[in-house]
Amino acid sequence: MSSGAELTSQEYITHHLANLKVGDGFMAVHLDSLGWSVFLGLVFLTIFRSVAKKATPGVPGKLQCAIEMIVGFVDDSVKSTFHGKNELIAPLALTIFVWVLLMNSMDWVPVDLLPHLIHWTTGMPLGDIYMKPVPTADPNITFGLALGVFILIIYYSIKVKGVGGFMKELTTQPFGHWSLYPVNFILETVTMLARPLSLALRLFGNLYAGELIFLLIATIGLFQLPVHFLWAAFHLLVIPLQAFIFMMLTIVYLSLAHEDH
Amino acid sequence: MDINLTLVGQLIAFVVFVIFCMKYVWPPIIGAIEERQATIADGLAASDRAAKDLELAQEKATAQLKEAKVQAASIVDAAKKLEAKIVEETAGKAQAEKERILATGHAEIETERNRAREELRKEVAILAIAGAEKILERSIDGAAHSDILDKLVAEL
């Protein structure tokens with residue numbers, strides 16, 4: 001499904017990996033990533049809110065059953081890891097899991113489908129159409145999520161342990177001697193920063209790689225169809241797993257922030 | 001990598017979605033789930049209790065049945081004893097009544113006989129007087145000879 005004989009594979013892939021962008025430099029916004037992200041978040045909230053409004057403790061409907069399965073799964077995951085009392089963590093985990101799952105699922109949309117649809121409906125030349133529909137293959141999106149989690153980690157660390165307790169945790173371990181406190185501080189700061197960084201980069205890396213492989217497969221001609229199928233089937237594992245990992249690590253990090261040493 | 005305002009936009013969307021989820025999505029759904037879990041747990045506990053109650057009731061019924069049988073047997077025994085006693089008492093009373101009636105009868109007969117004998121004596125005395133008058137051809141003054149007459153009556 002190469003979009004034209006005039007394109008080399010490299011140009012085709014580069015074109016597909018470019019975002020629909022307005023603005024320049026830091027003030028730029030990726031309309032496709034952010035648009036799909038917000039749209040999928042609204043899909044999630046609309047479906048779940050419609051169930052929540054009609055939720056009955058009696059005999060549930062089929063949609064309510066399905067939603068309750070997801071909510072129950074998230075609730076179990078939270079309860080098995082986080083033992084404090086916190087009204088935020090469970091809904092946070094649910095939002096992350098379902099939203100990231102939906103965003104990851106955009107990986108299953110064939111790479112040329114959306115650009116061609118736009119081409120057919122608006123008549124824009126294919127070369128001008130930029131549409132990267134997988135939000136989680138955009139580092140802005142994954143870092144946006146990870147930054148939110150990071151802020152919560154800092155917030156709860158300070159709320160539970162106090163500023164002094166938090167600083168003490170950053171400086172007095174792993175080495176107990178006072179002369180090594182600066183070393184401790186550097187180590188602990190790196191640990192602290194590694195959490196959101198690893199969250200964001202893991203999700204981004206997996207989905208970006210998945211998207212890239214789809215694009216590579218799209219350049220090999222007729223044999224791409226079975227290969228596409230195999231790679232999409234493989235993503236049955238990758239997509240929910242990455243969503244689950246992001247949710248689970250968020251819960252773990254927040255429960256660590258609640259722990260007093 | 002090309003970090004720009006998209007990140008900020010995503011962060012804002014994240015915050016808004018999480019707050020919405022926390023306020024309007026999570027509590028009703030988890031509330032419904034937990035309420036249903038509580039209802040089911042109550043139902044199971046109630047059925048357990050009912051099964052236990054049933055077992056207890058059956059045991060109690062069996063025990064009561066046994067007790068009732070024992071009681072019935074003892075009542076029948078008592079009734080038999082009472083019957084025997086009543087029969088005995090009645091027989092005794094009848095015997096006494098019979099003896100009393102017999103005694104009364106004997107007494108009446110005795111009185112009657114004595115009265116008859118007395119009358120007979122009187123008759124005989126009159127007859128004797130009449131015979132004596134006939135023999136003597138004259139009347140005997142009852143008052144004058146009453147001592148003789150009395151002696152005669154006493155001898156008869």
Side-chain angles (χ1 to χ4, degrees), chain A residues 18-19 21-34 37-38 41-42 44-45 47-49 51-60 64 67-68 70-72 74-75 87-92 94-96 98-99 135 138-149 151-152 204, chain B residues 1-69 71:
Chain A
N19 284 104
K21 190 156 114 178
V22 290
D24 284 312
F26 181 73
M27 295 311 285
V29 174
H30 294 164
L31 288 181
D32 47 1
S33 299
L34 195 57
S37 161
V38 170
L42 290 176
F44 152 63
L45 288 178
I47 295 173
F48 275 63
R49 175 64 191 157
V51 170
K53 257 195 286 192
K54 287 179 286 180
T56 161
V59 180
Q64 193 186 339
I67 298 301
E68 280 184 4
I70 299 171
V71 170
V74 171
D75 195 46
E87 300 291 311
L88 174 70
I89 288 186
L92 173 77
L94 177 72
T95 310
I96 287 176
V98 182
W99 196 15
D138 183 340
N140 286 295
I141 299 299
T142 61
F143 273 102
L145 291 172
L147 186 62
V149 174
I151 292 168
L152 284 174
F204 162 68
Chain B
M1 280 192 302
D2 180 7
I3 295 294
N4 53 36
L5 270 186
T6 314
L7 191 153
V8 180
Q10 174 70 11
L11 183 59
I12 293 166
F14 184 40
V15 170
V16 172
F17 288 171
V18 168
I19 290 172
F20 184 86
C21 182
M22 187 171 81
K23 288 234 150 75
Y24 303 109
V25 174
W26 184 265
I29 296 179
I30 201 75
I33 292 175
E34 278 166 1
E35 204 177 324
R36 189 175 321 117
Q37 279 173 338
T39 313
I40 291 170
D42 285 355
L44 288 177
S47 85
D48 271 2
R49 237 180 298 123
K52 232 172 254 169
D53 283 355
L54 179 67
E55 207 175 294
L56 278 178
Q58 272 171 344
E59 265 169 36
K60 215 168 153 188
T62 315
Q64 272 180 343
L65 204 64
K66 238 182 234 172
E67 204 183 312
K69 271 182 190 164
Q71 258 180 357

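Order of the sequence lines sets the chain letters (A, B, ...), proteins ahead of strands, with each chain counted from 1.
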Practice task
Flag the one option from Gly25(A), Gly58(A), Ser33(A) with the top tally of heavy-atom pairs under 4.5 Å to chain B.
Solution key: Gly58(A)
Problem - Heavy atoms of other groups near Asp53(B) CG, more than 12 under 6.0 Å - result: yes
Problem - Among Ala90(A), Gly41(A), Ser37(A), residue most engaged with chain B (heavy-atom pairs, under 4.5 Å) - result: Ala90(A)
Exercise for the section: Write down the atom of Cys21(B), the atom of Pro91(A), and the distance for their closest heavy-atom approach. Expected result: SG-O, 3.6 Å
Handout entry: Interchain contact, Gln37(B) with chain A, by part (heavy-atom threshold 4.5 Å)
Key = neither
Practice task
Would you indicate whether the side-chain heavy atoms of Arg36(B) and Pro60(A) approach each other to under 4.5 Å?
Solution key: yes
Practice task
Evaluate the side-chain proximity of Arg49(A) to Phe20(B): yes if any heavy-atom separation is below 4.5 Å, no if none is.
Solution key: yes
Practice task
Measure from the side-chain N and O atoms of Thr6(B) to the backbone N and O of His30(A), and report whether any donor-acceptor pair falls under 3.5 Å.
Solution key: yes
Handout entry: Lys53(A), part contacting chain B, at a heavy-atom distance under 4.5 Å
Key = neither
Problem - Heavy atoms of other groups near Glu34(B) CD, more than 12 under 6.0 Å - result: yes
Problem - Leu5(B) side, atom CG; Lys21(A) side, atom NZ - distance, nearest 0.5 Å - result: 11.5 Å
Practice task
Examine distances only and state if a side-chain atom of Asn140(A) and a backbone atom of Asp2(B) form a donor-acceptor pair shorter than 3.5 Å.
Solution key: yes
Practice task
Under 4.5 Å, counting heavy-atom pairs only, tell me which of Ala55(A), Gly23(A), Pro57(A) racks up the most with chain B.
Solution key: Pro57(A)
Handout entry: Within-4.5 Å side-chain heavy-atom neighbours: Val38(A) and Phe17(B)
Key = yes
Problem - Side chain to side chain, Leu92(A) and Phe14(B), heavy atoms closer than 4.5 Å - result: yes
Practice task
Identify which of Asp138(A), Leu42(A), Val59(A) forms the greatest number of heavy-atom pairs closer than 4.5 Å to chain B.
Solution key: Leu42(A)
Problem - Contact class of Val25(B) relative to chain A, heavy atoms under 4.5 angstrom - result: both
Problem - Leu31(A) portion near chain B, given a 4.5 angstrom heavy-atom threshold - result: neither
Exercise for the section: State the OG1-CD distance between Thr56(A) and Glu35(B), to the nearest 0.5 angstrom. Expected result: 8.0 Å
Handout entry: Heavy-atom pair count under 4.5 Å with chain B, highest-scoring of Asp75(A), Val29(A), Thr142(A), Leu88(A)
Key = Asp75(A)
Handout entry: Which atom of Gly144(A) lies closest to which atom of Gln10(B), heavy atoms considered
Key = CA-CG, 4.0 Å
